[in-house]
Protein chains: 2
Amino acid sequence: MKPKLTLKQIAKELDVSISTVSKALRDSPEIGEETRKKIKAFAKFYNYKPNNIALSLKNRKTKTIGIIIPEIVHHFFTTVISGVEKVANEMGYNVLVCLSDNSFDKEVLNMEMLANGSTDGFIMSLAKETMQKGDYHHLQEAINQGMPLVLFDRVVDGITCDKVIIDDVIGAKKAVQHLIDVGCKKIGLISTVDYVSVGNLRTRGYQQALEENNIAVEEQHILKIEKMEDSETAIENFLKDKDLDGIFAVNEHFAISAIKAVKECGKNVPEDVSVIGFTDGELSKRFIPSLTTVSQPGSKMGEEAARLLIEKLESKNDEAENYRTIIVETGLVTRNSTKSEK
Amino acid sequence: MKPKLTLKQIAKELDVSISTVSKALRDSPEIGEETRKKIKAFAKFYNYKPNNIALSLKNRKTKTIGIIIPEIVHHFFTTVISGVEKVANEMGYNVLVCLSDNSFDKEVLNMEMLANGSTDGFIMSLAKETMQKGDYHHLQEAINQGMPLVLFDRVVDGITCDKVIIDDVIGAKKAVQHLIDVGCKKIGLISTVDYVSVGNLRTRGYQQALEENNIAVEEQHILKIEKMEDSETAIENFLKDKDLDGIFAVNEHFAISAIKAVKECGKNVPEDVSVIGFTDGELSKRFIPSLTTVSQPGSKMGEEAARLLIEKLESKNDEAENYRTIIVETGLVTRNSTKSEK
DNA sequence: TTGTAAGCGTTATCAC
DNA sequence: GTGATAACGCTTACAA
């Protein structure tokens, strides 16, 4: 087991000074042709690679970006990570992934760990508990310390930083409009509780679409789910006594549960009831019937977030004071859980 | 924007030396009660946190572990990551995630990046291309440099290191035995090409189960798929002219494609054909019919891998020369794509 | 009880 | 052209 080669060792071996080696390897014109060649040959032969940690200390930047997400076993977040990875790698950055498990405390802890030199900046989607508490001091602290922060998906207005979101309202509107277009008259909504911003926004889109089509919004057609675990039965109970012919669910799980519940009521999808979801995952694609959904381009969001962050990291500090919110567009993926357009 | 507090600044502020501050904060008995209190109070007030990079450089360890996987948009790998994260965090480690995209070159590149000080060790599942090439010099190099390596899932015999695998052969055997138990006579196998070790092993389990039940293995009942993209049509074509009553697929995608193909032939699952998959994901759980599968406990594997790695990292170098292979057990999750046991 | 100095691996500045 | 030296932030013998 040979420990890693350092400049010092090369210097000793070749009987020159450390700084000569350093300069030679970085092609400094100060160094004579001959010595340079010799040093480079030696380094290449022994496969010298500069130590990242030392560089980080010296440059006061680590070339790694931290991403903190609520959970990873979730198709959407997974695609975001892969988007971040992609552009990060292209730009010579590494990605440190931390999970908050939707816990406020873990989120704070993770940030503190990473803020002490481990990363140059953050890409985050907030924990559910954090949004519930409304406590964002940790975000503000990071920003105050000069750590750039990019929020995505689950963002919050009070914090001034770059953001990447999707047009939830418009996406939801598209979905509901589609239901209307294929002839649905009584359209239900299955959403989450309001402090989860996306649930809130998608609900708004639902309402707007109805209003624009002069359809009354009826409260009893709306279900707001608190806990993921109970969602299946909640949806069943909700749909049992309703006579809906269209359902907009704010995620694919709810959509699928809705389809199951509809079938259990002896009705068919999409013949009797059209169902449309949000977020395009493997499940939506391969479920039978395959799901019509609003696609949420996670990978694109990750790429945008990474680009935004790296741009900020590499800009001079003075020009850094403009913050942008990038809205990435959703698309409607029409499949088999909705009737075809008339 | 206040830059981070350092020992130096504290020292200057309090008019003591840097080492005094350092010692005081680490509760060295060398330092007088009074000075210590003063320093600690100050540090606490201004929320001093030591710089990780500096510590890494000094201690020659980063307290982060690198995980390199072929892809992240894949339920199994995702659960592994969450397992690794879990125990890593408990032990005070961070996790750097890199994706090889199943490319040999990217895998090598990633390892080189991380090996230069960014991580203390690796947890990896090999890229498909790497297994195909059979070139493992990068792994060997890391080991030679004293970087511990834990391989999981897609492992390779030639490399001496810790490994975490599942009992693929036994798992496959369980699956096929289950098919036999519910009365299947003509059982087909949908697998991957042989250089992917898991495909290979699961094929072996299939053969063994048949042999142990005195059923002849017929080559025309076996399909080996080369490319994920064409799998759907390949499976359709394969099943069209067969008269199987049981199908064992080595992953959930193949299983679902098989179900679809069976249905298109006008047969029913599980009445006419029982189908069983491998790896338990969201898809298996919620597909209709829900899939009977061999569950592959990714999270458990991740935890074991992390434990193994950290153990090695924190042991004295001399006792480090024993390598272990941990075999985590699969389970059979019986759902609706197979007939019920007679 | 406190301070000095060396060292972790680099790079940049300045002197020779 | 080459080499000392300081610095990044921290720890730790060793002096004082």
Side-chain angles (χ1 to χ4, degrees), chain A residues 2-40 42-43 46-64 92 113 115-120 145-146, chain B residues 2-40 42-43 46-64 113-120 145-146:
Chain A
K2 46 169 190 215
K4 293 232 68 172
L5 194 58
T6 67
L7 289 186
K8 199 200 255 195
Q9 293 169 54
I10 301 184
K12 196 165 68 180
E13 215 63 52
L14 263 41
D15 212 41
V16 290
S17 78
I18 296 181
S19 51
T20 303
V21 178
S22 173
K23 285 172 188 161
L25 292 177
R26 330 192 84 243
D27 281 320
S28 159
E30 290 181 41
I31 304 299
E33 176 79 352
E34 208 177 332
T35 3
R36 181 157 41 115
K37 275 195 173 153
K38 182 178 64 178
I39 292 174
K40 292 191 94 169
F42 185 93
Y46 288 106
N47 192 29
Y48 167 79
K49 293 272 166 45
N51 179 312
N52 286 332
I53 295 294
L55 288 178
S56 296
L57 185 59
K58 180 115 255 277
N59 303 330
R60 280 106 144 290
K61 56 175 68 165
T62 61
K63 285 282 201 171
T64 103
M113 283 209 67
N116 298 309
S118 299
T119 61
D120 296 339
Q145 280 179 20
Chain B
K2 47 172 189 213
K4 293 233 70 173
L5 194 57
T6 67
L7 288 187
K8 200 200 253 192
Q9 293 169 55
I10 302 184
K12 195 165 68 180
E13 216 64 51
L14 264 40
D15 213 41
V16 291
S17 80
I18 296 180
S19 58
T20 304
V21 179
S22 173
K23 287 172 187 162
L25 291 178
R26 329 191 86 244
D27 281 319
S28 158
E30 289 181 41
I31 303 300
E33 176 79 352
E34 210 176 330
T35 0
R36 181 156 42 114
K37 275 195 174 155
K38 183 179 63 176
I39 292 175
K40 291 191 94 170
F42 185 93
Y46 287 105
N47 191 29
Y48 169 78
K49 294 270 165 46
N51 179 312
N52 285 332
I53 295 293
L55 287 178
S56 296
L57 186 58
K58 179 112 260 268
N59 303 330
R60 280 107 145 290
K61 55 175 69 165
T62 61
K63 286 280 202 173
T64 102
M113 283 210 66
L114 302 194
N116 298 311
S118 300
T119 61
D120 297 338
Q145 280 178 19

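Note on naming: letters A, B, ... go to the chains in the order of the sequence lines (proteins, then strands), and numbering restarts at 1 for each one. A quick note: this is a predicted structure, and the numbers were derived from the prediction, not measured.
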**Q.** Rounded interatomic separation in angstrom, taking NZ from K38(A) and C1' from dT2(D)
**A.** 11 Å

Q. So, for I39(B) and A24(B), which heavy atoms are closest and what is the spacing to 0.1 Å?
A. CD1-CB, 3.6 Å

Q | Length of the line joining L55(B):CG and dC8(D):C1', which is rounded to integer Å | A | 13 Å

Q.
To check you understand the geometry: which heavy-atom pair defines the closest contact between A43(A) and L25(A), and what is its length?
A. CB-CD2, 3.7 Å

Q: Specify the closest pair of heavy atoms between L55(A) and P50(A), including all atoms of both residues, with the distance to one decimal.
A: CD1-CB, 4.1 Å

Could you write out each protein N or O paired with an N or O of nucleotides 12-16 of chain D at a distance under 3.5 Å?
residue, atom, partner, partner atom, Å
dT12(D), OP2, R26(B), NH1, 3.4
dA13(D), N6, K23(B), NZ, 3.4

Q) Passes side-chain contact (heavy atoms from CB on, under 4.5 Å), V16(A) versus V21(A)? Steps please. A) CA-CA 7 Å; V16(A) 290; V21(A) 178; 3.6 Å; yes

Q: Taking salt bridge (Lys or Arg N to Asp or Glu O under 4.0 Å) as the test, write out the residues that go with E34(A), two or more places apart.
A: none

Q: Give the minimum heavy-atom separation between S118(B) and T64(B), together with the two atoms involved.
A: O-OG1, 3.2 Å

Q.
To check you understand the geometry: which heavy-atom pair defines the closest contact between D120(A) and T62(A), and what is its length?
A. OD1-N, 2.7 Å

Enumerate, atom names and distances included, each donor-acceptor pair closer than 3.5 Å involving a side-chain atom of residues 7-15 of chain A, sequence neighbours excluded.
residue, atom, partner, partner atom, Å
Q9(A), NE2, K4(A), O, 3.4
Q9(A), NE2, T6(A), OG1, 3.3

Q.
Taking any atom closer than 4.0 angstrom to a non-hydrogen atom of chain A, what span of DNA chain C does the protein reach, first nucleotide to last?
A. dC8(C) to dC14(C)

Q.
List the residues meeting salt bridge (Lys or Arg N to Asp or Glu O under 4.0 Å) with K40(B), not counting sequence neighbours, and say none if there are none.
A. D27(B)

**Q.** Nearest atoms (heavy-atom pairs only) where I53(B) meets G117(A)
**A.** CG1-O, 3.1 Å

**Q.** For atom CD1 of I53(B) and atom C1' of dC8(D), their distance in whole Å
**A.** 11 Å

Q: Enumerate the residues from residues 6-16 of chain A whose closest heavy atom to DNA chain C is under 4.0 Å, giving them by residue number; use none for an empty result.
A: T6(A), L7(A), K8(A)

Q.
Does T35(B) reach a base, just sugar-phosphate, or nothing at all? Heavy atoms under 4.0 Å.
A. sugar-phosphate

Q) Quick one: are I31(B) and T20(B) in side-chain contact, heavy atoms under 4.5 Å? A) yes

Q: Provide, to the nearest angstrom, the distance between the CG atom belonging to D27(B) and the P atom belonging to dT11(D).
A: 13 Å

(Q) dC10(D), OP1 or OP2 - any side-chain N/O from Y48(B) closer than 4.0 Å? (A) yes

Q.
In this structure, how many angstroms lie between the P atom of dC8(D) and the CG atom of N51(A), rounded?
A. 18 Å

Q: Mind calculating the distance between CG (L57(A)) and P (dA6(D)) to the nearest angstrom?
A: 17 Å

